[in-house]
Amino acid sequence: MGCIKIDKKALFHNLDLICSRAGGSHRVAAVLKDNAYGHGLEVIAPLISDFGIKKAVVRNLQEAERIERFFEYILVLADIPKKTSKFSFAINSIESIESFPKGCFVELKVDTGMHRSGISPLEVERAVEKIVKRGLILKGVFTHFRSADEISPEFFWQKRNFDETIKKVESLRQEFSLPDILYHSYNSSALFRSENLQGDFARVGIAVYGYLELDPLFGEPDLKPVLSLWASRISSRTLKPKERVGYGGVFEAKGGETVSTYDIGYADGIFRSDGKRRLLLPEGVEIAGRISMDSFSALSDAEEICVIKDAREFARFFGTISYEVLVKLSPFLKRRVVQ
Ligand SMILES: *Cc1c(COP(=O)(O)O)cnc(C)c1O
């Protein structure tokens, strides 16, 4: 059966690197949204917790509940609970404050320049007043960078905007006698491009899984891919000259090739290759023709072949980024931790 292998050594290696950059595991929140970037939430969460990281970031309440026993702190990025919960919930717009149940832990997302979601720095005062009036507990204030992976002054411009916001929030905190507030802004790229981490912790996603889409001029940290995707052989045949393989018969044999069909297809989340460009798998095996829904054919007779080892290479072929290749992997694929 096709499966995903999770390399525990690679994961711990990446976490070591991340924690030493951040200044300790208490300064790292692992971003586990979207099924832990396709790696499998229930597989990754206990490993991260065993390593010693006690903070996690997820997309919705359902994800938070699935991993609550592994973490002391969980931030939910995009959900509003019906009743008070022990998790923290991001406030992404000023209007949504009314929808949070009283006593809920909230974190204010500030739009320091990405203009995707969050509250304008000009509205922070109004937002904090509304939070207090509504009886919510303001546990954190955070922002997200739009260009931390690129060489440009934008990163510094957003950081400055956030620093000013922090000053404003701190004075409101005194005014309303609120307890300490967590401030956080760094993602993987920001952490690896900066000398030191600013704020209480970094929200690290892609680097946990072994990748960075960071301009190489910032240096290339030694991160290792955690996931690999494997397919198993279903059947094999030897082709005669001019026999053609798969939908549309796009691949044509010279004669004598051994072709096998493997049990991974685009229903499992890999992209569909139309067979017009030559797609080589990590061990140099060539895909023959189009990728089908539940299978593909390749010039090999191996029992098991690796389909994805470095998601960046697979991404390059399809004109996208590692993030997209990873998160698209089906949650139904079996995950196996290898030591
Ligand atoms: C996804 C996400 C992150 C993690 O980003 P990486 O580039 O994967 O490190 C951090 N913060 C927020 C708000 C996010 O949505």
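Computed over heavy atoms, backbone and side chain alike; hydrogens, waters and symmetry mates excluded. Order of listing sets the numbers, starting from 1, for every ligand and every atom in it. What you see is a predicted model, and the numbers here were worked out from it, not measured in a lab.
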Tabulated below should be the N or O atoms of ligand 1 paired with protein N or O atoms at under 3.5 Å; can you produce that?
| unit_1 | atom_1 | unit_2 | atom_2 | d |
| --- | --- | --- | --- | --- |
| ligand 1 | 7 (O) | Tyr323 | OH | 2.7 |
| ligand 1 | 8 (O) | Tyr37 | OH | 2.6 |
| ligand 1 | 8 (O) | Ile206 | N | 2.8 |
| ligand 1 | 9 (O) | Ser188 | N | 2.9 |
| ligand 1 | 9 (O) | Ser188 | OG | 2.5 |
| ligand 1 | 9 (O) | Gly205 | N | 3.0 |
| ligand 1 | 11 (N) | His144 | ND1 | 3.4 |
| ligand 1 | 11 (N) | Arg203 | NE | 2.8 |
| ligand 1 | 11 (N) | Arg203 | NH2 | 3.2 |
| ligand 1 | 15 (O) | Lys33 | NZ | 2.7 |

Review point. Considering residues at least two apart in sequence or located in another chain, which fulfil the ring-ring contact (aromatic ring centres under 6.0 Å, His included) criterion with Phe70?
Key: none
Practice item. Would you please indicate yes or no on a ring centroid separation below 6.0 angstrom for Phe201 and Phe142? Key: no
Counting only pairs under 3.5 Å, give me each side-chain donor-acceptor contact of residues 108-119, with atom names and distances, residues two or more places apart or in other chains.
| unit_1 | atom_1 | unit_2 | atom_2 | d |
| --- | --- | --- | --- | --- |
| Lys109 | NZ | Ser117 | OG | 3.4 |
| Asp111 | OD1 | Gly113 | N | 3.1 |
| Asp111 | OD1 | Met114 | N | 3.3 |
| Asp111 | OD1 | His115 | N | 2.9 |
| Asp111 | OD1 | His115 | ND1 | 3.4 |
| Asp111 | OD2 | His115 | ND1 | 2.9 |
| Thr112 | OG1 | Thr143 | OG1 | 2.7 |
| Thr112 | OG1 | Gln158 | NE2 | 2.9 |

Exercise for review: Please name all residues satisfying salt bridge (charged side-chain N to carboxylate O under 4.0 Å, His left out) with Asp7, sequence neighbours left out, ordered by chain then number.
Suggested key: none
Check your understanding: Ignoring hydrogens and geometry, is there a side-chain-to-backbone donor-acceptor pair from Glu63 to Arg59 under 3.5 Å?
Key -> yes
Check your understanding: Quick one: is the NZ or CZ of Lys33 closer than 6.0 Å to the six-membered ring centre of Tyr37, and within 45° of its axis?
Key -> no
